[in-house]
J.: 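This is the structure I want to talk about, given as structure tokens.
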Amino acid sequence: MGAKIDLRMKSVPPSVVQPLRTSLKIWYDQWGRDLPWRQTLDPYAIWISEIMLQQTQVKTVIPYYQRWLKRFPTLEVLAAADQQQVLKLWQGLGYYARARNLHRAAQIIVTEWGGRFPDTLDAVLQLPGVGKTTAGGILSAAFDQPVPILDGNVKRVLARLTALSVPPKRALLHLWLVSEQVLDPEYPRGFNQALMDLGATICLPKQPSCDRCPWSEFCQAYLLNLQTKLPMSEPRSPLPHKQIGVAVIWNDQGQVLIDRRPQKGLLGGLWEFPGGKVEAGETIPDCIAREIKEELGIEIEVGDHLITVDHAYTHFKVTLTVHHCRHLVGEPQPIACDEVRWVTLDDIEMYPFPSANQQIIDALRHQTPQ
DNA sequence: CACTCGTGGAA
DNA sequence: TTTCCAAGAGT
């Protein structure tokens, strides 16, 4: 009872550590990726890339990274910027707390560190939005310090290397120890980058290219022919589906009403068209009128259907049913949001919107305003 | 510690 | 088309 799996059996034998380092370096020298953030040693630029790359593919990040450094070339520029400008540049990248934390952290570095990026693990871990993996990525890439990492790529590579018999989530301590154990103290910058490249280009989730892998002769999963079955995954529960009624409210000046979501929580700090969840037995127009009265304190007339948008978030799906509406009486109040504003369709592009709402804006541009 | 937090690439 | 999941962190 309670006997835990003996993870020591899954460690890497000390005699294998040096061959792992040597073979990975040789492979990386030939096959390593040439990525924009590897052309600099500026800790600011490397930090930006590490944050953007959290849960986000390299291909998606590259254009955002280029635009970011053009718009916010230094820590000082970022610290002095408006949060709305920061979020606007982040629009579409998701996990918007990353952008809010970057902005806050830049201000902290300016005030607490005189604008000089900290170079110790403790100090970097104090920055909002920086956890163990990001800290290791920054310190190894920018300062060549031997600090381990454990991102999705490394979890998969090490789970296969050691034929980990439980899902990685259940063995994080073990995986961190292995990452630290194999890390080459003579070559930390290249090693960590090589480890991630191995996961991203060879040790793929499905159909790993073991015939091109420098570690195949050491890989317990490969030697046991388990490489396509590892790492183990945990079953997922089906996503709940929410029906949302959304209002595009027009006033007599041809403006529409938008609101800014609270800083905390989903899509914090972004703007949106107001609306809310459809209750049982309620029609969409009834829902929209009720939500607008509850959240903005105004009376509207619900008109024609504009567009229906289906969107999937991480933990649920939504269907936004959007109607044109006409403002009748009352001054909009920010009851359930941080701010409300009347804007023209020309000005609306200045505001950061979530992707599902951007589709609504696109639809508005393609039809005659009410 | 389980849950929250976005979006799009790739199969 | 659906499904997985990507250089994870905060609470």
Side-chain angles (χ1 to χ4, degrees), chain A residues 32-33 35-38 46-65 87 90-102 104-105 124-142 147-158 167-170 172-173 175-176 179 189 191-201 203-208 228 231 233-241 261-270 272 309-318 352-359:
Chain A
R33 291 175 295 179
L35 301 172
W37 39 91
R38 291 182 181 172
I46 290 169
W47 170 50
I48 299 302
S49 74
E50 291 289 340
I51 300 298
M52 286 186 171
L53 286 161
Q54 290 170 1
Q55 298 290 283
T56 310
Q57 293 186 353
V58 165
K59 184 175 184 178
T60 304
V61 165
I62 288 175
Y64 281 91
Y65 174 81
L87 286 173
W90 202 271
Q91 176 176 318
L93 200 52
Y95 286 141
Y96 297 93
R98 294 184 293 174
R100 287 180 267 126
N101 285 333
L102 271 177
R104 270 206 304 144
V124 172
L125 280 173
Q126 291 300 313
L127 300 173
V130 178
K132 290 173 65 180
T133 285
T134 301
I138 294 170
L139 290 174
S140 61
V147 186
I149 57 174
L150 191 61
D151 61 8
N153 288 315
V154 178
K155 283 176 188 170
R156 185 172 56 257
V157 169
L158 298 184
K169 192 194 305 181
R170 305 292 171 191
L172 290 182
L173 178 58
L175 290 168
W176 273 109
S179 181
R189 174 186 293 131
F191 183 91
N192 278 346
Q193 291 170 347
L195 198 50
M196 289 187 284
D197 281 14
L198 191 64
T201 65
C203 197
L204 304 174
K206 304 167 184 177
Q207 290 202 310
T228 59
S233 59
E234 294 188 292
R236 304 181 176 190
S237 52
L239 303 180
H241 194 294
R261 296 175 60 90
Q263 289 286 312
K264 290 193 173 184
L266 187 71
L267 306 167
L270 274 68
E272 66 177 2
V309 178
D310 284 303
H311 193 75
Y313 294 96
T314 308
H315 286 279
F316 61 94
K317 301 177 181 178
V318 291
F353 280 85
S355 290
N357 273 252
Q358 188 60 47
Q359 292 186 50

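Keep in mind it's a predicted model, so treat the numbers as computed, not measured.
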J.: For atom P, what is the distance between C:dA7 and B:dT4, given to the nearest Å?
T.: 24 Å
J.: With rounding to whole Å, what would you report as the distance between C:dT3 and B:dG6 at their P atoms?
T.: 23 Å
J.: Could you tell me if the side chain of A:His311 sits less than 4.5 Å from the side chain of A:Tyr313, heavy atoms only?
T.: yes
J.: How many whole angstroms separate atom CD of A:Gln263 from atom C1' of C:dT11?
T.: 17 Å
J.: Assign a letter to each nucleotide of nucleotides 4-9 of chain C from its 5' end: B, base within under 4.0 Å of a protein heavy atom; S, sugar-phosphate only; -, no contact.
T.: SBBBBS
J.: Taking side-chain contact (heavy atoms from CB on, under 4.5 Å) as the test, write out the residues that go with A:Ser140, two or more places apart.
T.: A:Asn192
J.: When all nucleic acid strands are considered with a 4.0 Å heavy-atom cut-off, which category describes A:Leu93: base, sugar-phosphate, or nothing?
T.: base
J.: What is the distance from OH of A:Tyr313 to C1' of B:dC3, rounded to the nearest Å?
T.: 18 Å
J.: CG of A:Leu239 versus P of B:dT4: gap in Å, rounded?
T.: 11 Å
J.: For A:Lys169, give me all partners under salt bridge (Lys or Arg N to Asp or Glu O under 4.0 Å), at least two apart in sequence or on another chain.
T.: A:Glu234
J.: To the nearest angstrom, how far is A:Trp90 atom CH2 from B:dG6 atom C1'?
T.: 11 Å
J.: Quick check on B:dT7: is either OP1 or OP2 less than 4.0 Å from any side-chain nitrogen or oxygen of A:His311?
T.: yes
J.: Nearest-Å distance, CD (A:Glu272) to P (B:dG6)?
T.: 12 Å
J.: Report the residues that fulfil side-chain contact (heavy atoms from CB on, under 4.5 Å) with A:Tyr65, sequence neighbours left out, ordered by chain and then residue number.
T.: A:Pro36, A:Trp37, A:Thr40, A:Ala45, A:Ile48, A:Ser49, A:Met52, A:Val61, A:Leu69
J.: When the distance from CG of A:Leu87 to P of B:dG6 is rounded to whole Å, what number comes out?
T.: 11 Å
J.: Taking only residues two or more places apart in sequence or in another chain, which ones pass side-chain contact (heavy atoms from CB on, under 4.5 Å) with A:Asn101?
T.: A:Ala97, A:Arg104, A:Pro128
J.: A:Leu266 CG to B:dT4 P: how many Å, rounded?
T.: 11 Å
J.: Considering heavy-atom distances to DNA chain B, does A:Ala356 or A:Lys169 have its closest nucleotide positioned more toward the 5' end?
T.: A:Lys169
J.: Would you mind checking if A:Lys132 and A:Asp151 are paired as a salt bridge, meaning a charged N to carboxylate O distance below 4.0 Å?
T.: no
J.: Please report the distance, rounded to the nearest Å, between CD in A:Gln91 and P in B:dT7.
T.: 9 Å
J.: Please name all residues satisfying side-chain contact (heavy atoms from CB on, under 4.5 Å) with A:Gln57, sequence neighbours left out, ordered by chain then number.
T.: A:Thr60
J.: Just checking A:Gly92: base, sugar-phosphate only, or nothing, at a heavy-atom cut-off of under 4.0 Å?
T.: sugar-phosphate
